[in-house]
Asker: 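Would you mind keeping the following structure in view while I ask a few things?
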Amino acid sequence: MEARRRSASKQSQLHSKADIHSSRAAAATPTKASDALPLPLYITNAVFFTLFFTVVYYLLSRWREKIRNSTPLHMVTLSEMGAIVAFFASCIYLLGFFGIDFVQSLVLRPSAEMWTSEEEDDDIIKEDSRKLPCGQGLDCSLVTAKPAKMIESLLPPVSFTSEDDEEVIKSVVDGTTPSYSLESKLSDCKRAAAIRREALQRMTGMSLSGLPLEGFDYESILGQCCEMPVGYVQIPVGIAGPLLLDGIEFSVPMATTEGCLVASTNRGCKAIHLSGGASSVVLRDGMTRAPVVRFGTARRAAELKFFLENPDNFDSLSLMFNRSSRFGRLQNIKCAIAGKNLYMRFCCSTGDAMGMNMVSKGVQNVMDFLQDEFPDMDVIGISGNYCSDKKPAAVNWIEGRGKSVVCEAIIKGDVVRKVLKTNVEALVELNMLKNLTGSAMAGALGGFNAHASNIVSAVFIATGQDPAQNIESSHCITMMEAVNDGKDIHVSVTMPSIEVGTVGGGTQLASQSACLNLLGVKGASKEVPGANARLLATIVAGSVLAGELSLMSALAAGQLVKSHMKYNRSSKDMSKVSI
């Protein structure tokens, strides 16, 4: 009998304890505003929004009539009482739905404190003390009171649950919620990316399991780097160097998936370093934007051309242009006419920014000013492709765009033989027949080089530049000439349009910022505006010089195929791989 009583008492204690935990779980799961009606979220929202504005309009109309008729406002009809009740109900729903949950926190906090303290008491007993030696089943450490903020952090999140995520995913799949609006609606960029990713997989039936989602700061790209993200692509970053340029050593980060590229550039850096280093000069520094305007006649277009090219008008034009930024300074304007259409190529300095947005704002100011002077001017576009951006163009090759840089080095004959595994005569002949004659035969535009775009693209991606501007930034002519009675070789690269910046765009992302920091050009220069961007341009040119030197040596020595088979191909025997 005594054993039965003990068993019954134990079962009652277990049941009571289970009831306590179930009540805690019920208290810990707050009722959401969206649970007001057993309907989908968007229908519930539409019902309460319609109800709110309808009753507000009805009550205002009724009160206006009472004021006109001198009827006391406190005398209400049955319909007015129903409208007042509906008004308060819709207000409570809307306040709860848009995140004003302090009322819930006031209600939940006493119960939370109660069950928190109860759990602390329960946690003192670790395990069944009957199975352990005396005293081992007790935690005799002092129980410290938890701060209010810690107690609040223990409360389950009130705003969203997995059910809410599922509902949002379905609304995106159904098309009721635009995918691009998730960040603004949810106020959580990572959650928005996860929901968009899942909705995309359901709509396409394709898996994105290989595309990483975790480990990225989606807040950092909002409104500036990428829209509607669903993950990020991993690109390995290798280091070439040290590159000895203008007496300073640089470890050059290169983001690429092409095997042998970093190794080849690294060999070129070694050859340059052993020969005393390379030197560079920045010839020009100016970003361009060229709007196109149209007139009724070619004569009127020519009048504007003469007006813009008149030195007496430059001060007033530059004053209007320079108002857009404290770093943007107008340098010159060059015009070209095609019939009654006029193309105006504005060139300005942009500090440490690449500067496309900066120059565009300045051009817009000048366009507004010219509209008063030439009211018959029809602005067709702020960019008329005479800039020319992200396209191979002779105007960039001749006039330059961004930073125009020349970089040179004299490589000793011993280094050519021992490190590059070739000789001076072979390099000079190959450069003339390949980079110069061969490119001319192909009708190349700015492509008088071996593979400048390889290095430019890799450095651009690593440092947060615009990869599409690799097109004009890779304009390069590589020259090689035997010097010192044919013992050594003079190598140079001339690159008229390297478009880089150390602030803005992708340069502020964590990975790209780290690569810029490695080069010592992170952010804006505090001493001389634009110095960091110009230094980065010279590093790009120096890296291209190293890459050109190594690849041309491999070609001259007949090592290209062998090296690519070693570094750019899998060693697996694919004929033995089962499919």
Asker: Can you say whether the rings of Phe321 and Phe346 are parallel (under 30°), tilted (30 to 60°) or perpendicular (over 60°)?
Answerer: parallel
Asker: With a 3.5 Å cut-off and sequence neighbours excluded, list the donor-acceptor pairs that the side chains of residues 198-208 form with protein atoms.
Answerer:
| residue | atom | partner | partner atom | Å |
| --- | --- | --- | --- | --- |
| Glu198 | OE1 | Gln201 | NE2 | 3.2 |
| Glu198 | OE2 | Arg202 | NE | 2.9 |
| Gln201 | OE1 | Leu208 | N | 2.7 |
| Arg202 | NH1 | Glu166 | OE2 | 2.9 |
| Arg202 | NH2 | Glu166 | OE1 | 3.1 |
| Arg202 | NH2 | Glu166 | OE2 | 3.4 |
| Thr204 | OG1 | Leu200 | O | 2.8 |
| Thr204 | OG1 | Met206 | N | 3.3 |
| Ser207 | OG | Ser209 | N | 3.1 |
| Ser207 | OG | Ser209 | OG | 3.2 |

Asker: Please name all residues satisfying salt bridge (Lys or Arg N to Asp or Glu O under 4.0 Å) with Glu408, sequence neighbours left out, ordered by chain then number.
Answerer: none
Asker: Measuring only between side-chain heavy atoms, which start at C-beta, is Asp466 closer than 4.5 Å to Lys390?
Answerer: yes
Asker: Got a list of side-chain donor-acceptor pairs under 3.5 Å for residues 290-298, not counting sequence neighbours?
Answerer:
| residue | atom | partner | partner atom | Å |
| --- | --- | --- | --- | --- |
| Arg294 | NH2 | Asp378 | OD2 | 3.3 |
| Thr297 | OG1 | Arg300 | N | 3.3 |

Asker: Would you say the side chain of Leu516 lies within less than 4.5 Å of the side chain of Leu536, judging by non-hydrogen atoms?
Answerer: yes
Asker: Could you tell me if the side chain of Thr502 sits less than 4.5 Å from the side chain of Thr507, heavy atoms only?
Answerer: no
Asker: According to side-chain hydrogen bond (donor to acceptor under 3.5 Å, both in side chains), who are the partners of Asn470, at least two apart in sequence or on a separate chain?
Answerer: Ser457, Ser474
Asker: Apply salt bridge (Lys or Arg N to Asp or Glu O under 4.0 Å) to Glu548 and list each qualifying residue two or more places apart in sequence or on a separate chain.
Answerer: none
Asker: Short question: side chain of Thr437, backbone of Met432 - any donor-acceptor pair under 3.5 Å?
Answerer: yes
Asker: Under 3.5 Å, side-chain donor or acceptor atoms of residues 230-250 against the rest of the protein: list the pairs with distances, not counting sequence neighbours.
Answerer:
| residue | atom | partner | partner atom | Å |
| --- | --- | --- | --- | --- |
| Tyr232 | OH | Glu214 | O | 2.6 |
| Asp246 | OD1 | Ser280 | N | 2.9 |
| Asp246 | OD2 | Ser280 | OG | 2.6 |
| Glu249 | OE2 | His273 | NE2 | 2.7 |

Asker: Is Gln331 atom CD crowded by more than 12 heavy atoms from other residues, nucleotides or ligands, each under 6.0 Å away?
Answerer: yes
Asker: Quick one: does Ser553's side chain have a donor or acceptor within less than 3.5 Å of a partner on Leu549's backbone?
Answerer: yes
Asker: Under a 4.5 Å cut-off applied to non-hydrogen side-chain atoms, are Gln364 and Arg289 in contact?
Answerer: no
Asker: Evaluate the side-chain proximity of Met495 to Asn449: yes if any heavy-atom separation is below 4.5 Å, no if none is.
Answerer: no
Asker: Considering residues at least two apart in sequence or located in another chain, which fulfil the salt bridge (Lys or Arg N to Asp or Glu O under 4.0 Å) criterion with Arg345?
Answerer: none
Asker: Counting only heavy atoms from other residues, nucleotides and ligands, does the tally under 6.0 Å from NZ of Lys418 exceed 12?
Answerer: no
Asker: Identify, with sequence neighbours excluded, every residue that meets salt bridge (Lys or Arg N to Asp or Glu O under 4.0 Å) alongside Asp285.
Answerer: Lys403, Arg534
Asker: Return yes when atom CG of Asn310 has more than 12 non-hydrogen atoms of other residues, nucleotides or ligands closer than 6.0 Å, and no otherwise.
Answerer: yes
Asker: Quick one: list whatever passes ring-ring contact (aromatic ring centres under 6.0 Å, His included) with Tyr343, sequence neighbours left out.
Answerer: none
Asker: As a test of understanding, state which of Arg191, Arg196, Lys190 forms a side chain to side chain donor-acceptor pair (under 3.5 Å) with Glu183.
Answerer: Arg196
Asker: Which residues satisfy the side-chain contact (heavy atoms from CB on, under 4.5 Å) test with Asn365, sequence neighbours excluded?
Answerer: Arg323, Ser324
Asker: Tell me whether Asn396 contacts the main-chain N or O of Ser388 through its side chain, where contact means a donor paired with an acceptor under 3.5 Å.
Answerer: yes
Asker: Would you be so kind as to tabulate the donor-acceptor pairs closer than 3.5 Å made by side chains of residues 218-229, with sequence neighbours excluded?
Answerer:
| residue | atom | partner | partner atom | Å |
| --- | --- | --- | --- | --- |
| Tyr218 | OH | Leu213 | O | 2.7 |
| Ser220 | OG | Asp217 | O | 2.6 |
| Gln224 | OE1 | Gln508 | NE2 | 2.6 |
| Gln224 | NE2 | Ser220 | O | 2.5 |

Asker: Can you name the side-chain contact (heavy atoms from CB on, under 4.5 Å) partners of Lys421, sequence neighbours left out?
Answerer: Arg267, Gln559
Asker: Tell me whether Gln465 contacts the main-chain N or O of Thr463 through its side chain, where contact means a donor paired with an acceptor under 3.5 Å.
Answerer: yes
Asker: Do Leu519 and Pro253 have side chains that approach each other closer than 4.5 Å (heavy atoms only, starting at C-beta)?
Answerer: yes
